[in-house]
Amino acid sequence: MKMDVKRKPFGEIDGHEVDSYTLLNDSGMELTFITYGGAITNILAPDREGKCENVVLGFDTLQQYVEHEHYYGALIGRVAGRIGGAGYSSNGKRVELTVNESGNHLHGGDKGFNRVIWTVEEVTVGRDEVSVRLFYLSSDGEEGYPGNVKVDVTYTLTNENEIMITYRAVPDRDTPINMTSHSYFNLSGDYKEDILSHRLKMDAKEILELSGDNVPTGKLIPVKGTPFDFREGRTILDGMKSGLEEGYDHVFVLNNEDGVISLSHEKSGRGMTVETDQESVVLYTGNHLTGDLLTGGVTGRSHLGLCLETQGYPDAINHPHFPSVLVKKGEEYRASTTYRFFVEE
């Protein structure tokens with residue numbers, strides 16, 4: 001094996017071609033994404049025996065990505081998460097956004113960044129890393145957001161088995177921007193089992209309190225003594241048994257001094273660390289995944305994958321005391337997250 005990037009057709013939608021890109025490193029690890037939604041479709045990572053298997057949920061066909069609404073592997077924007085009441089106030093004026101979930105605005109609206117075709121602007125093959133840079137122009141008024149926004153996202157795979165996602169955006173009017181990636185991880189490989197036995201550790205002392213429709217209230221809650229305390233590490237099932245039977249869909253406030261998250265699966269030996277410059281991460285344990293036919297003919301079900309959506313605080317645009325996600329005209333939004341895959345002996 002050697003570092004490379006391979007492109008092939010993946011399908012067509014409304015007369016526009018969609019391509020698949022596969023990034024390969026020297027040890028056989030692969031990252032594959034499609035230009036529709038920038039969605040990551042496959043990540044092949046080795047287990048302790050050296051066998052590379054897929055560790056993210058995805059589909060085999062473009063039509064499945066178009067029809068389904070669980071954001072499998074997709075890029076999310078302009079704003080990830082929920083915006084309460086589907087709007088916000090800016091300079092004394094009300095900005096109304098698309099309502100697409102229970103009176104709120106979720107993951108960028110009906111046609112967020114997950115529903116557009118991205119343009120590949122640059123492919124780079126180096127000695128120790130390969131990368132592909134995607135571009136999308138988000139138009140003024142799209143899903144209610146003000147201003148045109150030039151958006152770049154770069155996927156990079158290194159010989160250290162790291163996947164780096166870097167985000168960059170520049171608006172021509174003040175607008176909120178808060179992007180993330182919505183991959184569902186399952187380190188058992190090729191969906192052999194659900195994620196309840198996965199062990200998660202993260203240095204998060206607080207979560208955001210949520211209303212009944214999962215919108216932040218503005219309050220922070222300490223995790224000590226609750227099912228949300230992953231500071232010493234615990235399995236997903238252990239956390240759920242502590243009083244959260246359905247599963248997780250919660251915003252964890254990361255410790256900026258050590259924003260490293262680790263996820264591991266004992267049987268396969270696979271592990272993954274997540275490092276980010278973002279203030280929070282949404283842990284979603286696939287509580288409502290439906291019986292879709294996934295890659296390789298596997299039928300989807302609840303808790304078959306989990307998301308670690310690194311981002312700024314959801315609904316921050318409506319909470320002045322939250323770290324701001326408003327990007328001023330001409331300023332640059334930047335964010336980055338690195339996923340490093342390793343094997344435990």
Side-chain angles (χ1 to χ4, degrees), residues 37-38 71 74-101 103-119 121 133-154 165-182 208 210-211 213-220 251 253-254 256 276-282 309-337:
Y71 305 94
L75 296 172
I76 304 297
R78 292 184 191 184
V79 175
R82 294 168 178 85
I83 295 179
Y88 64 94
S89 295
S90 179
N91 298 320
K93 295 182 179 179
R94 176 73 177 175
V95 178
E96 300 288 350
L97 304 175
T98 301
V99 177
N100 65 327
E101 193 208 48
N104 302 311
H105 177 86
L106 174 65
H107 286 336
D110 286 331
K111 191 179 180 182
F113 291 176
N114 62 302
R115 294 287 186 192
V116 303
I117 298 176
W118 292 71
T119 301
E121 289 227 315
R133 180 164 59 86
L134 302 171
F135 174 78
Y136 175 64
L137 176 62
S138 180
S139 300
D140 180 36
E142 187 174 273
E143 301 301 302
Y145 290 103
N148 301 291
V149 184
K150 296 178 179 179
V151 187
D152 287 296
V153 176
T154 301
I165 307 178
T166 55
Y167 311 83
R168 177 181 172 273
V170 179
D172 64 8
R173 289 177 61 189
D174 296 359
T175 190
I177 304 174
N178 182 20
M179 294 181 64
T180 193
S181 173
H182 208 288
L208 300 188
L210 301 177
S211 65
D213 54 359
N214 282 338
V215 176
T217 65
K219 296 180 180 179
L220 276 64
V251 187
V253 178
L254 295 174
N256 289 332
T276 185
D277 57 8
Q278 297 301 283
E279 292 94 355
S280 69
V281 61
V282 174
E309 305 162 51
T310 56
Q311 59 192 266
Y313 292 5
D315 202 34
I317 196 69
N318 286 316
H319 300 282
H321 62 293
F322 281 179
S324 178
V325 297
L326 186 71
V327 181
K328 299 287 189 179
K329 173 184 176 180
E331 290 187 354
E332 186 178 70
Y333 163 87
R334 279 188 176 273
S336 66
T337 298

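- For the atom pair Leu208 CG and Asn214 CG, the distance stands at 11.5 Å (nearest 0.5 Å).
- At a threshold of 4.0 Å, the pair Glu143-Arg78 does not count as salt-bridged, since none of the basic side-chain nitrogens sits closer than that to a carboxylate oxygen.
- Contact between Gly85 and Arg94 at its shortest, heavy atoms only, is O-NH2, 3.3 Å.
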Run the numbers on Met179 and Val153 for side-chain contact (heavy atoms from CB on, under 4.5 Å), then give the verdict.
-> CA-CA 10 Å; Met179 294 181 64; Val153 176; 3.8 Å; yes
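- Checked against Ile83 for a side-chain contact (heavy atoms from CB on, under 4.5 Å), the options Asn178, Asn318, Thr98 give a single hit: Asn318.
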Could you check Glu332 against Arg168 for salt bridge (charged side-chain N to carboxylate O under 4.0 Å, His left out), going step by step and ending with a plain yes or no?
-> CA-CA 7 Å; Glu332 186 178 70; Arg168 177 181 172 273; 2.4 Å; yes
May I have the step-by-step check of side-chain contact (heavy atoms from CB on, under 4.5 Å) for Ile177 and Val149, ending in yes or no?
-> CA-CA 9 Å; Ile177 304 174; Val149 184; 3.9 Å; yes
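- Listed here is the closest heavy atom pair of Phe113 and Trp118: O-NE1, 3.1 Å.
- Heavy-atom minimum distance, Arg82 versus Leu106: CG-CD1, 3.6 Å.
- Not a single donor-acceptor pair under 3.5 Å links the side chain of Asn148 to the backbone N or O of Asp172.
- Closest of all the heavy-atom pairs between Pro176 and Val79 is O-CG2, 3.6 Å.
- A distance of 5.0 Å separates NE2 in His105 from CG in Leu97, rounded to the nearest 0.5 Å.
- Between Tyr167 and Leu75, some side-chain heavy-atom pair lies under the 4.5 Å cut-off.
- Counting all heavy atoms, side chain and backbone alike, Gly84 lies closest to Val215 at CA-CG1, 3.8 Å.
- Each of Asp152, Thr119, Thr154 was compared with Arg133 under the side-chain hydrogen bond (donor to acceptor under 3.5 Å, both in side chains) criterion, and only Asp152 meets it.
- Using a 4.5 Å cut-off on side-chain heavy atoms (C-beta onward), Arg173 and Tyr145 make no contact.
- Separating the OG1 atom in Thr175 from the CD atom in Glu331 is a distance of 12.5 Å, to the nearest 0.5 Å.
- Salt bridge annotation for Lys328-Asp174: present, with a cationic side-chain nitrogen under 4.0 angstrom from a carboxylate oxygen.
- Under the 3.5 Å distance criterion, the side-chain polar atoms of Thr310 are left unmatched by any main-chain donor or acceptor of Val281.
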Could you go through the ring pair (Phe, Tyr, Trp, His ring centres under 6.0 Å) check for His107 and Tyr71 one step at a time?
-> CA-CA 9 Å; His107 286 336; Tyr71 305 94; 4.7 Å; yes
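- Side-chain N or O atoms of Ser211 include none that pairs as donor or acceptor with a backbone N or O of Thr217 at under 3.5 Å.
- The distance from the OG1 atom of Thr337 to the CD atom of Gln311 is 10.0 Å, given to the nearest 0.5 Å.
- Pro314 and Ser280 make their closest contact through CD-OG, 4.3 Å (heavy atoms, listed as atom of the first residue, atom of the second, distance).
- A distance of 4.5 Å separates CG in Asp213 from CG in Asn104, rounded to the nearest 0.5 Å.
- In this structure, His321 and His319 have perpendicular ring planes: the angle between them is above 60°, well past the 30° mark.
- Phe322 places none of its side-chain heavy atoms less than 4.5 Å from the side chain of Asp315.
- Tyr333 has its side chain out of reach of Val325: every pair of non-hydrogen atoms, C-beta onward, lies at least 4.5 Å apart.
- One distance of note links NZ of Lys93 with OH of Tyr88; it measures 12.0 Å at 0.5 Å rounding.
- Using a 4.5 Å heavy-atom threshold, the side chains of Lys111 and Val116 count as touching.
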